K.L.:
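The structure's right below; bear with me while I get my questions together.
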Amino acid sequence: MEKKYNPKSFEDKLYREWEESGCFKAVRDDKKVPFTVMMPPPNITGQLHMGHAMDETLQDTIVRFKRMQGYCTLWLPGTDHASIATELKIVEDMKKEGLTKADVGREGFLERAWKWKEKYAGRICDQLRKLGSSCDWSRLTFTMDEKCSKAVREVFVNLYKKGLIYRGDRIINWCPCCKTALSDAEVEYAEESGNFWHIKYFVEGENFFLEVATTRPETLFGDTAVAVNPKDKRYKHLIGKNVILPVVNKLIPIVGDEHADMEFGTGVVKITPAHDPNDFEVGLRHNLPVVRIMNDDGTMNEGAGKYCGLDRYECRKQLVKDLEESGLLVKVQPHTHNVGHCYRCGSTVEPIVSKQWFVKMEPLARPAIDAVMDKKVTFVPERFAKTYYNWMENVKDWCISRQLWWGHRIPVWYCEDCGKEICEKQDPAVCPECGSSKLKQDEDVLDTWFSSALWPFSTLGYPDDTPDLEYFYPTDVLVTGYDIIFFWVARMIFSGLEHMRKVPFRDVLMHGLVRDEKGRKMSKSLGNGVDPLDVIDKYGADSLRFSLLQGVAPGNDTRYSDAKVEACSNFMNKIWNASRFVIGNAEGRKVKPLSEVKLCAADKWIISKLQSVIRDVTLTLNKFELGVACQILYDFTWSDFCDWYIELSKPALYGEDEGKKDAALSVLTFVLENTLKLLHPFVPFITDEIYRELPGASGTIMLKDYPRYNSRLTYKKDAQAFEGVMDIIKAVRAAKTELGCPPSKKVSLLILTESKRLISANRESILKLAGAKDITFINDGAEAGEKSVAKVLHIGTVFIPMGELVDIDKERERLSSELEKVTDEIRRADGKLNNQGFMSKAPKKLIDDERAKLDKYIAMREKILEQLKSL
RNA sequence: GGGGGCAUAGCUCAGUUGGUCAGAGCGCUUGCUUGACAUGCAAGAGGUCACAGGUUCAAGUCCCGUUGUUCCCACCA
């Protein structure tokens, strides 16, 4: 083994080997239980960020764990075409060449898009490899692959025929920059400071006016009424009359509608059905005309008269000026309000009436809610179910058409002769109505999330009845960030139920965001993003992985910090060196199996510790508590195995007794091998690299059985007794430090104890680890003499003659404080045991433990008192 | 307006069926070339687990309230 832990020297090599030998491949096996995870397909917009790294690491860890446990694991990788996001990128890219979409045309554009896909999807897959992702590359899927497109077509047509997809004029969110409709989920709201412009709307034939407050004065051209509350005494007599629309000088009616809030503003609200969702509803109730006054690019249309062609904000500016000049502006009030922005480009979205395709949500939402209620799908942590219900219960119809080119084209054709709308699984050649061959396909594409929603089954071959689908669906766990519950998780659930009649996954493990060191979101604009590849380059993938898991609780955000990765890298180094120690010592010797050696107390102690680690790690992993599992392994490896057991094994290893040497070596090897296996799902590279060096090991660790708890290896009594030996070592070390005794100076130990055999058996270990030169058993504390320090322990009292270093007063002080501590413990235990309620209600084991503790402490108190007396 | 999260050592955070639960990493103090590792070893200092109640034999751990902070959803023109 190399002297230094150097991840670069083996990570890529190992990954290639795994991949080439087919370790990641999921081969259906009816004798095995399947375990399926669908990778949330990263967008092909660029490269992976820290959030992805965490997402993939979580999945990989779970998948590797299950694979080692003997499941037939499928982790299916893929990438997402990310319709709008990618299209934006490509448009940006073309701009550099001075080209626009119009210049290259639909065909030309798609050609570029596919080239883009080849480049970026490939790059993303390489990054996934760097992270160590053990996904089945043979099943790599792209959301616009043939099979996904087929699924999309199937689903669209089915929903269409069921009447769950319809086309209509509705208010949708329009991004004037991307020039497409957006779904509600794709709009992000942000507080912005704006104004309330109070405008005079004169009542027809009167010389008074209604004061109307608006935040978007330019929409005035689309006003087709003003509304007042029918209960509003100030205005209700005016209902039915008309007002004169300022500037336009058109008459529009005053309607009575509950929508007008008497308490808010002036109580009069202008109604612009074409440009406001609420107004649209009002318009429907009062049968008002819908007048669109804006173009797709955010400029004003002919409806705006002389302002036609102006950008919406320029129009606002000029209109306000004109209103002011003509005395129609009452006042301007500063006002902060929430403004919707496109989640891709950040432009302010405009609510606009437009003819779009929608999925009717109500019939789909109900079963999806029930599935979670009935625990067919479980959110981890549970609280996210609430978020899900909240959204599902209030969800509006889903706008799925996008005025883009990159994506699944809507499979609807229109007959140019008779106007017939055709939606079939096969492309129509002629109109079934009139036989005309002049058919034109809908120009729009589908929302990216429409295909993502089908991911758990489209990847497995739906709508065909494939063996994969039969075997691997429903999937087991979906791992993703809480930020896409609405976009994706919810939509997969109702889609799975609707099209497969089964939920798409049983558990949803949510994780939070990876923030920067200061707790800020990582973002391009802040420039605070950390590239996972840079980190891997510097520290290795294992260190990055471990740092992303350690101390992270499900659903919680976490902070990335170099310091943390460094700490993890130190841990890797620790594993490396401990292994080097074990392997080095095994060199040239035959390592015997555990059953053929005589185990000493320390051996039994570490072996039973290992058993409890196996039990706890398995338990926590099954509950998706990866952060806790990491901690357990970290502590065990570093503290128990390295700091204690390896040190304890040295006397035997360097001694003359071949039997002891054999035992130590076989225990070291046994524990190391198991530890590596336990760690492998978290840190796959280093564990496999070391595993291959292990005496007797062959093949890759990733296909070995995960350690199983073995109750025959718990040695409970011996292990517990051995902790008494460790107490002695700790006490002597502490005493030496307290008295300023140099560590190199060996001390003598006089021990008053009833556990002479145990201590004798571990004499060498105590001498070495405590820095002592000899041990003498005594029968009376007086034998130790005055110039010694007494450490009263459960196992007995240890006297350390320190000569002139001993200060009697300080020693008395120290013992007194120990006495106080012990007395406190006695008081506490005594109190509990005398508590009627505790005695009658607490579990028996607890009472017994408490009683045993009390006895121990009472004995200790006696010894301390004795010792104090003798000073 | 509605719903969450968080508040534990100087800093970043674990602590999931209430019972050694007061922890880890980093930082800090002291001392160590202890035959795997100074990416290390040993010994320490440091917290009334936000505040105020309640349930319980027993509460960082469950319930109610308060304060601070943060996120999501809805949205009044």
Side-chain angles (χ1 to χ4, degrees), chain A residues 1 3-5 184 189 196 212-216 219 226-227 259-261 263-272 276-279 282 335 337-338 340 380-384 386-387 389-391 394 482-483 485-486 512-513 517 519 539 543 547 550-559 561 563-564 566-585 620 623 625 627-628 630-631 634-635 642-643 646-647 650 653-654 730 733-738 740-744 768-769 771 825 831-832 835-843 845-846 849-850 853:
Chain A
M1 275 176 89
K3 231 184 161 158
K4 276 197 155 182
Y5 164 60
D184 294 342
Y189 289 87
F196 248 146
V212 176
T214 179
T215 54
R216 294 185 299 157
T219 62
V226 294
H259 168 60
D261 183 347
E263 311 295 321
F264 189 85
T266 59
V268 185
V269 52
K270 64 199 249 340
I271 301 299
T272 324
D276 182 281
N278 288 307
D279 293 4
V282 175
H335 177 69
H337 56 151
N338 252 343
V380 181
E382 240 171 326
R383 71 181 121 93
F384 289 105
K386 245 184 196 173
T387 313
Y389 293 138
N390 189 41
W391 188 75
N394 299 298
Y482 60 68
D483 50 334
I485 292 180
F486 310 136
L513 271 37
E517 284 179 69
Y539 299 99
S543 299
S547 78
Q550 198 191 26
V552 173
N556 283 9
D557 288 356
T558 173
R559 293 187 196 200
S561 80
K564 204 161 154 189
E566 214 172 305
C568 291
S569 166
N570 291 349
F571 180 50
M572 295 309 119
N573 186 57
K574 193 75 187 175
I575 296 172
W576 186 262
N577 278 296
S579 305
R580 216 156 53 81
F581 172 81
V582 174
I583 291 161
N585 278 293
T620 46
K623 288 194 282 182
E625 292 164 14
V628 179
C630 278
Q631 200 53 49
Y634 183 95
D635 291 341
C642 293
D643 290 345
I646 286 187
E647 294 308 320
K650 284 178 181 173
L653 235 37
Y654 301 144
K730 283 189 244 184
R733 284 169 170 174
K736 288 175 81 174
T737 306
E738 279 159 20
C741 169
S744 51
K768 174 157 176 34
L769 271 65
E825 286 300 318
K832 271 194 167 178
N835 183 323
Q836 207 57 39
F838 179 77
M839 295 304 283
S840 61
K841 290 180 182 172
K845 183 179 181 317
L846 211 65
D849 286 357
E850 210 58 54
K853 247 186 272 179

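Only heavy atoms go into these numbers, but all of them, side chains included; no hydrogens, no water, no symmetry mates. Everything numeric here is computed off the predicted structure, so don't read it as measured data.
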K.L.:
Provide the distance between the two C1' atoms, one in B:rA9 and one in B:rG23, to the nearest whole Å.
P.N.:
10 Å

K.L.:
Less than 4.5 Å apart, any side-chain heavy atom of A:Leu653 and any of A:Phe581?
P.N.:
yes

K.L.:
What does B:rC13 pair with, Watson-Crick or G-U, if both distances are under 3.5 Å?
P.N.:
B:rG23

K.L.:
First and last nucleotide of RNA chain B touching chain A, 5' to 3', heavy-atom cut-off 4.0 Å?
P.N.:
B:rG4 to B:rA77

K.L.:
Using side-chain contact (heavy atoms from CB on, under 4.5 Å) as the criterion, list what pairs up with A:Glu738, not counting sequence neighbours.
P.N.:
A:Ala734, A:Lys791, A:Arg814

K.L.:
Of all residues at least two apart in sequence or in a different chain, which pass the side-chain contact (heavy atoms from CB on, under 4.5 Å) check with A:Asp261?
P.N.:
A:Glu263, A:Phe264

K.L.:
Relative to the 5' end of RNA chain B, which residue comes earlier, A:Phe264 or A:Ala567, by the nucleotide with the nearest heavy atom?
P.N.:
A:Ala567

K.L.:
Taking the nucleotide of RNA chain B with the nearest heavy atom to each, does A:Ala842 or A:Pro554 sit closer to the 5' end?
P.N.:
A:Pro554

K.L.:
Checking base pairs now: Watson-Crick or wobble, both atom distances under 3.5 Å. What partners B:rA77?
P.N.:
none

K.L.:
Once you apply the 3.5 Å cut-off to both distances, tell me the Watson-Crick or G-U wobble partner of B:rA42, or none.
P.N.:
B:rU30

K.L.:
Determine the interatomic distance between C1' on B:rG25 and the same-named atom on B:rG31; round to the nearest Å.
P.N.:
22 Å

K.L.:
Are any of the side-chain nitrogens in A:Lys853 or A:Asp849 under 4.0 Å away from the carboxylate oxygens of its partner?
P.N.:
no

K.L.:
Provide the Watson-Crick or G-U wobble partner of B:rC51, both distances under 3.5 Å; none if there is no partner.
P.N.:
B:rG65

K.L.:
Taking the side chain as C-beta and beyond, is there a heavy-atom pair between A:Tyr482 and A:Leu513 under 4.5 Å?
P.N.:
yes

K.L.:
Check for a donor-acceptor pair, side chain of A:Lys650 on one end and backbone N or O of A:Lys768 on the other, with a separation under 3.5 Å.
P.N.:
no

K.L.:
What does B:rG18 pair with, Watson-Crick or G-U, if both distances are under 3.5 Å?
P.N.:
none

K.L.:
Taking only the P atom of each, what is the distance from B:rG2 to B:rU61 in whole angstrom?
P.N.:
26 Å

K.L.:
Given that both distances must come in under 3.5 Å, which nucleotide forms a Watson-Crick or G-U wobble pair with B:rA58?
P.N.:
none

K.L.:
Can you tell me whether the base of B:rG60 sits syn or anti, using the 90° cut around 0 to define syn?
P.N.:
syn

K.L.:
Which whole number of Å gives the distance between the C1' atom of B:rG46 and that of B:rG10?
P.N.:
9 Å

K.L.:
Rounded to whole angstrom, note down the C1' distance from B:rC64 over to B:rG27.
P.N.:
39 Å

K.L.:
If I pick the C1' atom on B:rA74 and the same atom on B:rG3, what distance separates them, to the nearest angstrom?
P.N.:
10 Å

K.L.:
Which part of the nucleic acid, if any, lies within contact of A:Tyr5, taking any heavy atom under 4.0 Å across all strands shown: a base, the sugar-phosphate backbone alone, or nothing?
P.N.:
nothing

K.L.:
Check this for me: does any side-chain nitrogen of one of A:Asp279 and A:Lys270 sit under 4.0 Å from a carboxylate oxygen of the other?
P.N.:
no

